Colleague: 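One structure coming up, written as structure tokens, with questions to follow.
Because the structure is a prediction, the values reported are computed rather than measured.
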Amino acid sequence: CITYNSLINGLCKLQRMAEAEGMIKEMVEKGVSLSIEAYNVLIDAYGRAGYFEKCFDIFEEMQEDMGLKPNVVSYGSLVNGFCKKGMLVEAEALFQDMVSRDVQPNVRIYNILIDAYCKQGELQKARKQVEDMKRSGISPSIVTYNTLIKGLSVRGNLTEAQDLALRLRDEGLSPDAITYTILISAYCNTSSTQKAIELYKEMEKLGLRPTSSTYHALISQMSIEGRMQDAENLFEEMLQRKLLPD
RNA sequence: AAAGCCACUACU
């Protein structure tokens with residue numbers, strides 16, 4: 001099962017979807033039972049490529065051939081495909097369709113929608129989606145917060161982004177390396193270098209591992225400011241951590 | 001060792 005999945009997944013990632021699909025057809029003909037995961041990776045790959053018709057075909061095929069009902073991952077994959085192409089109307093419609101079929105949403109599919117709203121600059125809709133999610137009994141995850149924090153940062157609302165980063169603790173969550181990297185990059189981009197450095201230190205204190213993009217943001221900002229020694233020190237530190245410069 | 005190896009967030 002895992003081997004089939006990784007094989008199909010590998011083919012999909014290599015954009016050899018026709019082969020992946022052919023393999024599935026062959027398996028169906030031989031009467032080999034296919035997992036829902038195998039179908040889902042196919043939906044994901046076609047969705048990312050924008051072949052939405054194909055996705056709907058697969059939704060039907062999986063039911064007809066294997067009696068598999070699409071689950072939240074099947075829907076999530078296609079909703080994500082729509083969202084990444086900016087097709088929010090279709091994404092919302094599909095989400096509603098899923099709910100009407102009694103497939104329970106989870107935090108991840110909400111996050112997909114929330115991210116799409118943020119990327120379109122629809123912060124109000126994003127927040128509303130978070131409220132809807134909470135009301136239906138689903139708690140936000142750190143990804144939910146990171147998504148909102150990024151959305152706010154991009155629109156220059158760093159104050160609120162920073163505030164959210166504090167408030168996520170009220171939900172029993174802890175910021176992760178991505179939370180810090182988003183904020184550090186945002187502060188660097190607005191030349192609030194001191195603030196960025198403070199966050200970097202805080203991150204260290206919490207034992208969160210900076211990534212190469214965390215360093216990249218700090219080092220390039222320091223270079224811009226002519227703080228070559230600081231930049232070099234950070235560069236050394238990055239190398240010591242076996243992170244490659246990007 | 002166990003887990004994980006089907007969809008979500010920074011950078012790419």
Colleague: Can a donor-acceptor pair be found, under 3.5 Å and without considering hydrogens, that links the side chain of Asn189(A) to the backbone of Ser185(A)?
Modeller: yes
Colleague: Near RNA chain B, counting only heavy atoms under 4.0 Å, which residues of residues 158-187 of chain A show up?
Modeller: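 Listed by number, they are Ile178(A), Thr181(A), Ile182(A).
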Colleague: For Leu199(A) and A10(B), what is the distance between atoms CG and P respectively, to the nearest whole Å?
Modeller: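 Computing the Leu199(A):CG to A10(B):P distance gives 18 Å.
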Colleague: Whole angstrom is fine here: how far is it from CZ in Arg48(A) over to P in A7(B)?
Modeller: 8 Å
Colleague: Ignoring hydrogens and geometry, is there a side-chain-to-backbone donor-acceptor pair from Ser35(A) to Ala38(A) under 3.5 Å?
Modeller: yes
Colleague: Could you label the plane-to-plane angle of the Phe56(A) and Phe82(A) rings as parallel, tilted or perpendicular, counting under 30° as parallel and over 60° as perpendicular?
Modeller: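 Taking Phe82(A) first and then Phe56(A), their aromatic rings sit tilted (interplane angle of 30° to 60°).
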Colleague: Once you round it to whole Å, what is the distance between P of U12(B) and CG of Leu244(A)?
Modeller: 16 Å
Colleague: Report the residue from Leu113(A), Asp115(A), Ile43(A), Ile112(A) that forms a side-chain contact (heavy atoms from CB on, under 4.5 Å) with Asn80(A).
Modeller: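 For Asn80(A), the side-chain contact (heavy atoms from CB on, under 4.5 Å) check succeeds only for Ile112(A).
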Colleague: With a 3.5 Å distance limit and no angle check, can you tell me whether Asn106(A) reaches the backbone of Ile109(A) through a side-chain donor-acceptor pair?
Modeller: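 Here the side-chain-to-backbone pair exists.
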Colleague: How far apart are the C-alpha atoms of Tyr75(A) and Phe59(A), what are their side-chain angles, what is the distance that settles it, and do they pass the ring-ring contact (aromatic ring centres under 6.0 Å, His included) test?
Modeller: CA-CA 9 Å; Tyr75(A) 282 98; Phe59(A) 268 68; 5.2 Å; yes
Colleague: Can you tell me the distance, in whole Å, between the OH atom of Tyr46(A) and the C1' atom of C6(B)?
Modeller: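 One finds 16 Å between C1' of C6(B) and OH of Tyr46(A), rounded.
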Colleague: Give one of base, sugar-phosphate or nothing for Thr147(A), where a contact means two heavy atoms less than 4.0 Å apart.
Modeller: sugar-phosphate
Colleague: Provide, to the nearest angstrom, the distance between the CG atom belonging to Leu148(A) and the P atom belonging to A10(B).
Modeller: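 Checked: the CG to P distance equals 12 Å.
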Colleague: Judged by atom type as modelled, is there a donor-acceptor pair below 3.5 Å linking the side chain of Ser192(A) to the main-chain atoms of Cys188(A)?
Modeller: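 Flag not set: sc Ser192(A) to bb Cys188(A) has no pair under 3.5 Å.
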Colleague: Rounding to a whole Å, what distance do you find between Met62(A):CE and A7(B):C1'?
Modeller: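 Interatomic distance, CE of Met62(A) to C1' of A7(B): 13 Å.
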Colleague: Kindly state which residues belonging to residues 66-91 of chain A come within less than 4.0 angstrom of RNA chain B, counting heavy atoms of the residue only, listed by number.
Modeller: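 Hits under 4.0 Å, by residue number: Val72(A), Val73(A), Gly76(A), Ser77(A), Asn80(A), Lys84(A).
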Colleague: Looking at the side chain of Ile109(A), which of A10(B), C6(B), A7(B) is the nearest nucleotide?
Modeller: A7(B)
Colleague: Give a yes or no on whether a salt bridge exists between Lys195(A) and Glu202(A), defined as a side-chain N under 4.0 angstrom from a carboxylate O.
Modeller: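 Between Glu202(A) and Lys195(A) there is no salt bridge, as every charged N stays at least 4.0 Å from the carboxylate O atoms.
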Colleague: Can you tell whether the side chains of Lys85(A) and Glu90(A) come within less than 4.0 Å, N to carboxylate O?
Modeller: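 No, no charged N to carboxylate O under 4.0 Å.
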Colleague: Roughly, in whole Å, what's the span from CD1 in Ile43(A) to P in C8(B)?
Modeller: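 Ile43(A) atom CD1 is separated from C8(B) atom P by 14 Å.
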Colleague: Ignoring the backbone of Asp44(A), work out which of C8(B), A7(B), C11(B) is nearest its side chain.
Modeller: A7(B)
Colleague: When you get a sec, tell me which of C6(B), A7(B), C11(B) is the closest nucleotide to the side chain of Lys150(A)?
Modeller: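 Nearest nucleotide to the side chain: C11(B).
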Colleague: Please state how far atom CG in Asn40(A) lies from atom C1' in C8(B), giving the value in whole angstrom units.
Modeller: 14 Å
